[in-house]
Amino acid sequence: MPITSRTRSRAALLTSGLVAGLVLTVSACSGAADKATDEPTEAAGGSQAAATDAAFTAETVDAGTFDSADLAGKPVVLWFWAPWCTVCRAEAPEVTAVAKDFAGEVTFVGVAGLGQAKDMRAFVDETGTGVFEHAIDADGSIWQQFGVVSQPAYAFISPDGSVETFTGSLPPADLQQATEELANS
């Protein structure tokens with residue numbers, strides 16, 4: 001089917017609706033601690049899971065160790081990417097810009113998977129995303145934990161530990177808005 005302006009408009013409307021749902025869900029998370037369960041539930045734009053589902057440790061691309069427990073009680077954005085992913089590479093500057101805009105308010109962490117550590121290090125160097133930490137998900141367990149099956153994807157973790165996962169690329173303005181809502185949660 002050829003892409004027409006009508007098709008683009010429908011896609012833009014669908015994307016806007018999904019992002020609006022994500023933003024509403026993220027902003028509503030601040031009062032959801034008593035409602036969270038251990039089972040993910042479907043929500044607009046993604047899935048929601050309890051705080052216990054968000055804990056992990058991993059090697060970082062700079063050969064350090066990342067422990068998500070260090071971020072307990074803080075707003076966090078996990079960005080799931082792969083070193084060979086052209087969409088991830090294209091959105092890297094926007095993700096970096098938003099991470100810089102919210103430095104000190106929201107912690108960004110890249111979660112790299114589906115590749116070799118040397119390629120992940122090269123991706124971080126080439127894209128300038130080294131302004132925030134990147135964990136290596138060598139066996140796919142972190143992606144699985146958050147229900148991520150393709151990249152790019154995001155997990156927005158509120159200070160109360162509730163998680164909203166969004167699969168797909170986010171336009172810069174939408175990522176900025178969702179991160180602002182998370183910072184204010």
Side-chain angles (χ1 to χ4, degrees), residues 11 14-61 66-89 91-92 94-95 98-99 106-115 120 123 129 132-171 174-175 177-179 181-182 185:
L14 177 61
T15 300
S16 296
L18 289 174
V19 170
L22 169 68
V23 170
L24 288 173
T25 302
V26 169
S27 66
C29 286
S30 63
D34 57 333
K35 297 177 186 174
T37 66
D38 289 335
E39 294 298 317
T41 56
E42 287 304 310
S47 62
Q48 206 164 10
T52 56
D53 293 342
F56 65 91
T57 58
E59 181 183 351
T60 63
V61 296
F66 177 81
D67 185 351
S68 66
D70 294 340
L71 301 175
K74 300 175 185 174
V76 178
V77 175
L78 301 179
W79 175 47
F80 297 87
W81 58 271
W84 46 264
C85 173
T86 57
V87 175
C88 302
R89 187 172 292 276
E91 76 177 7
E94 289 88 16
V95 174
V98 174
V106 176
T107 301
F108 274 68
V109 178
V111 183
L114 305 174
M120 294 172 185
F123 177 96
T129 55
F132 53 92
E133 225 168 353
H134 295 269
I136 296 174
D137 187 9
D139 64 1
S141 61
I142 302 168
W143 284 35
Q144 181 179 16
Q145 187 174 341
F146 287 90
V148 173
V149 295
S150 64
Q151 75 292 327
Y154 298 86
F156 297 89
I157 306 172
S158 68
D160 70 6
S162 38
V163 179
E164 177 67 27
T165 302
F166 181 86
T167 300
S169 184
L170 284 174
D174 294 342
L175 178 58
Q177 183 178 359
T179 305
E181 292 290 332
L182 182 61
S185 65

**Q** If I compare all heavy atoms of A153 with all of T167, which pair ends up nearest, and what's the gap?
**A**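 Distance-wise, the nearest heavy atoms are CB-CA, 3.9 Å.
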**Q** For Q145 versus A55, what's the shortest heavy-atom pair and its separation?
**A** NE2-O, 2.8 Å
**Q** Any donor and acceptor pair, going by atom type alone, linking the side chain of D174 with main-chain N or O of A178 inside 3.5 Å?
**A** no
**Q** Below 3.5 Å, can you tabulate the donor-acceptor pairs from side chains in residues 66-78 to any protein atom, sequence neighbours excluded?
**A**
| unit_1 | atom_1 | unit_2 | atom_2 | d |
| --- | --- | --- | --- | --- |
| D67 | OD1 | A69 | N | 3.0 |
| S68 | OG | A54 | O | 3.3 |
| S68 | OG | F56 | N | 2.7 |
| S68 | OG | F56 | O | 3.1 |

**Q** Can you tell me how far apart CG (D139) and CD1 (I136) are? Round to the nearest 0.5 Å.
**A** 11.5 Å
**Q** Between P83 and G113, what is the shortest heavy-atom contact and its length?
**A**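 Residues P83 and G113, closest heavy atoms: CD-O, 3.4 Å.
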**Q** Using the six-membered ring wherever Trp is involved, compare the ring planes of F156 and Y154 and label them parallel, tilted or perpendicular (cut-offs 30° and 60°).
**A** parallel
**Q** Under the criterion side-chain contact (heavy atoms from CB on, under 4.5 Å), I'd like the reasoning laid out for W81 against M120: C-alpha separation, chi angles, the key distance, then a yes or no.
**A** CA-CA 9 Å; W81 58 271; M120 294 172 185; 4.0 Å; yes
**Q** What are the two closest non-hydrogen atoms of F132 and A99, and how far apart are they?
**A** CD2-CB, 3.7 Å
**Q** How far apart are the closest heavy atoms of A155 and F80, and which atoms are they?
**A** CB-CE1, 3.8 Å
**Q** Kindly say whether A112 contributes a backbone atom to a donor-acceptor pair with the side chain of Q151 at under 3.5 angstrom?
**A** no
**Q** Treating W79 as the side-chain partner and C88 as the backbone partner, does any N or O pair qualify as donor plus acceptor under 3.5 Å?
**A** no
**Q** What's the verdict on side-chain contact (heavy atoms from CB on, under 4.5 Å) for L114 and W143, showing C-alpha distance, side-chain angles and the deciding distance?
**A** CA-CA 10 Å; L114 305 174; W143 284 35; 3.6 Å; yes
**Q** Quick check: does any side chain N or O of T129 sit under 3.5 Å from a backbone N or O of A92, one acting as donor and the other as acceptor?
**A** no
**Q** Quick check against the 3.5 Å criterion: does T179 have a side-chain atom that pairs as donor or acceptor with the backbone of L175?
**A** yes
